[in-house]
There are 2 protein chains.
Amino acid sequence: MANRYVTIKDIARTLNISVATVSRALRDTYDVSDNTRKLVLAAAEKMNYRPNFNATGLVKRTTHKIAVIIPSITNYYFSTVITGIQSFAASNGYQVILYLTNDSPEWEARTVKELSLSSIDGVLACVTSNTNNFEHFQELIDAGLPVILFDRLVQSLKTSTVMQDDYNGACIATEHLIANGYHRIAHITGPAKLSLTEIRLKGFLDTLKRFNLNSHGVQHSGFSKEDGENDLNAIWCDTNPPDAIFAVNDRKAVGAIIGLQKKGIEIGRQVGVVGFTNDPISEIIKPALTTVAEPAFEIGKTACQLLIKHIEKPSTANQQIVLPSELIVRKSTTRNL
Amino acid sequence: MANRYVTIKDIARTLNISVATVSRALRDTYDVSDNTRKLVLAAAEKMNYRPNFNATGLVKRTTHKIAVIIPSITNYYFSTVITGIQSFAASNGYQVILYLTNDSPEWEARTVKELSLSSIDGVLACVTSNTNNFEHFQELIDAGLPVILFDRLVQSLKTSTVMQDDYNGACIATEHLIANGYHRIAHITGPAKLSLTEIRLKGFLDTLKRFNLNSHGVQHSGFSKEDGENDLNAIWCDTNPPDAIFAVNDRKAVGAIIGLQKKGIEIGRQVGVVGFTNDPISEIIKPALTTVAEPAFEIGKTACQLLIKHIEKPSTANQQIVLPSELIVRKSTTRNL
DNA sequence: AATAGTAGCGAGAACGTTCTCGAAAACCAA
DNA sequence: TTGGTTTTCGAGAACGTTCTCGCTACTATT
């Protein structure tokens, strides 16, 4: 545009030295004298010099930018993951470019296809909940770009992943219900085929089997509060209703609680409810929601750390990291309030 | 790194034409024949060519990147604003670089100072709640970079702003309380000196005066749920307690409700509570929270739109946009439940 | 047929930085 | 002194684009 910024050449001209020397001084390389280094730094400071990342990126073939591709950020889990990512990225000199897919496979595919490979160093992604075509991500990987998936994994993509412990989380949630005397347990969950759905479902079913119990119904749908309420109504039957609901996330659990309360059912005493995430809302809703806490911030931080490792040491092998989930017991699974 | 991507030169070589022609064909300029244009586009597609934004940015002095600097994203308002920003930016070919300040003035100052002016085209910012030194932003503006503030404005910075209607929002909230028979109204709010705090406080006090009422206490602190509960306890006195609480945001309102319930007070019938934001939690808490809805998505979208206008037409004058707030009445201000 | 105009393309500079190479200057040991 | 090493620096190419200029060949006009 109209204004041009101070460049390395301007510094060189005012100091009457070469651009190469200025460049060296600014980058703290060894072969420049203390004296000229000080002169250069002082001039840069005074002239308010800022490096041009387009130029450095062009010659170094590196941009110090990472792309984060994620369905949305208006929920606790994703916004916390991003906070973890941004925090680690910033303190390591990387910038975060944010892409939202609105959980739409078409948006996701377009976003990935339009990604300028040369303007990012790596990708951190959480796929949409209803894709089964991942070739756009495969193209990125084929092009040699480090890609790390979190929260939702994709079997067909050979790449590093960072996940919460979905299986164990589902197990301890189910065990907790059983231990508290709930034996007719239903599960309301996300879209089938989504890794997180499948794994939590398996943890749920395996645990039931371990205690010689049968599932009291499994309902698949989306992840919203409204989906939770609908799912509850779908699995409910007045003759033989479940006595506990295990929800795939806290928003659906909240929906289930709302649905149950509309039916005049007392949460905890009559029907236990367990969520997953540890969204702040689980503390506020009455009764407070028992839930499996995911280490969202840590997942973001770890994923970013791993990505930067892959970027700076491209030979690093793919790695699958699983971070522990933890049960947080509250009133929604207490029989006597 | 190890892998180099397909460049315009590669296309030129395989097609046996010059790089200039390839560049023209890809950019759809007029002086290239239909035939070669088709050849180039086909080759680009087949070779999986992606433009190098470092190179284009270097010559065009534009990056199609905007920086968003914001205290945090783990709350409804900010995450929704960013969704609005990202949505508009993406559909206009701009990328969003996310910077979080954790509401720390030091982090903010460092972030802004380290911003490479040449690697972004503009800035969208919401300042921290406790800064009074804004010279780092002034430097950006002085350097000619378009800067737009939202949510929190700074008198001393002469730049465009996009805001919700804080004044009117506070007025209608207070009027609503008065109309419903609450006359001993206290206000729990954010840090003093913050624009949003001051403006909402003024709306509150002006409205009281208009009805010949006195404030029943004003408490300043942070924006969290815990701050809300603390503020409530600070203004509470058993001999002459307030009969309504107007909170600067929904999280503090929720904190106040929790505090009131701990005292055994019935929300609505005994003490009315009004929040600000329309956080999803206001629908879920019992009783549901009356609140002033802010058009968060619209604020983000409008701010981004205005920024892009400033970027693409630098002569555009500064503009102050205020988007309407709207009262949403729920149970927390209903006298008979 | 001569001239002017235009469509299509190539050569080469430029953007701001880093990198490689080599040369000058300074120092040191013998 | 000599020769060698080190320190410090400059010249110029390179990164992948766009842009300006100018050239050729074709078409249109007179």
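Every chain is numbered from 1 and lettered A, B, ... according to where its sequence line falls, protein lines coming before strand lines.
Across the protein-nucleic acid pair, Leu39(B) atom CG and dG8(C) atom P stand 14 Å apart, rounded to whole Å. Distance CG (Asn35(A)) to C1' (dA26(C)): 15 Å, rounded to an integer number of Å. Across the protein-nucleic acid pair, Ile8(B) atom CD1 and dG12(C) atom C1' stand 15 Å apart, rounded to whole Å. Spacing between atom CG of Leu15(B) and atom C1' of dG10(C) amounts to 15 Å, rounded to whole angstrom units. As a whole-Å value, the separation of Arg13(A) CZ from dG10(D) C1' is 16 Å. Distance Arg24(B) CZ to dG10(C) C1': 8 Å, rounded to the nearest Å. The separation between Leu26(A) atom CG and dT17(C) atom P is 9 Å, rounded to whole Å. Put simply, CZ on Arg50(B) is 13 Å from P on dT17(D), counting in whole angstrom units.
With dG8(C), dG10(C), dG10(D) as the choices, the nucleotide that has an atom nearest any side-chain atom of Ile17(A) turns out to be dG10(D). Which of dT17(C), dT8(D), dG8(C) sits closest to the side chain of Asp31(A) comes down to dT8(D). Each of dC15(C), dG10(C), dT18(C) was ranked by its minimum atom distance to the side chain of Val59(A); first place goes to dT18(C). For Ser23(A), counting side-chain heavy atoms from C-beta on, the closest listed nucleotide (dT18(C), dT20(D), dT18(D)) is dT18(C).
Each of Gln320(B), Lys309(B), His310(B), Gln319(B) was compared with Ser160(B) under the side-chain hydrogen bond (donor to acceptor under 3.5 Å, both in side chains) criterion, and only His310(B) meets it. Val127(A) pairs in a side chain to side chain contact (heavy atoms under 4.5 Å, CB included) with only one of the listed residues (Thr101(A), Leu153(A), Val154(A), Asn132(A)), which is Val154(A).
Along DNA chain C, the nucleotide nearest Leu58(A) and the nucleotide nearest Asp34(B) are compared for position; the residue whose nucleotide lies closer to the 5' end is Asp34(B). Map Arg37(B) and Ala55(B) each onto its nearest nucleotide of DNA chain C; the residue landing nearer the 5' end is Arg37(B).
Backbone-only engagement by Asn52(A) is indicated by non-hydrogen atom pairs under 4.0 Å involving sugar-phosphate atoms exclusively.
Taking side-chain N and O atoms only, Arg61(A) has a distance below 4.0 Å to OP1 or OP2 of dG16(D). Residue Thr56(B) has no polar side-chain atom (N or O) positioned under 4.0 Å from OP1 or OP2 of dT17(D). Proximity of Thr36(A) to the phosphate of dC9(D): a side-chain N or O atom is located under 4.0 Å from OP1 or OP2. A close approach under 4.0 Å does occur between a side-chain nitrogen or oxygen of Arg27(A) and OP1 or OP2 of dT18(C). Applying the 4.0 Å criterion to OP1 and OP2 of dT8(D), one finds that Ser33(A) has every side-chain N and O outside that range. In this structure, Tyr49(B) reaches the dT17(D) phosphate: one of its side-chain N or O atoms is under 4.0 Å from OP1 or OP2. Regarding contacts with the backbone of dG16(D), every side-chain N or O of Thr7(B) stays at 4.0 angstrom or more from both OP1 and OP2.
Separating the OG1 atom in Thr83(B) from the CG atom in Asn102(A) is a distance of 7.5 Å, to the nearest 0.5 Å. Within the model, atoms OG of Ser87(A) and CH2 of Trp107(B) stand 6.5 Å from one another, a figure rounded to the nearest 0.5 Å.
Below the 3.5 angstrom threshold, one finds no donor paired with an acceptor across the side chain of Asn54(A) and the base of dC15(C).
In this model, a donor atom of one side chain and an acceptor atom of the other lie less than 3.5 Å apart for Thr131(A) and Thr128(A). One side chain, Ser18(B) or Thr21(B), offers a donor N or O that lies under 3.5 Å from an acceptor on the other.
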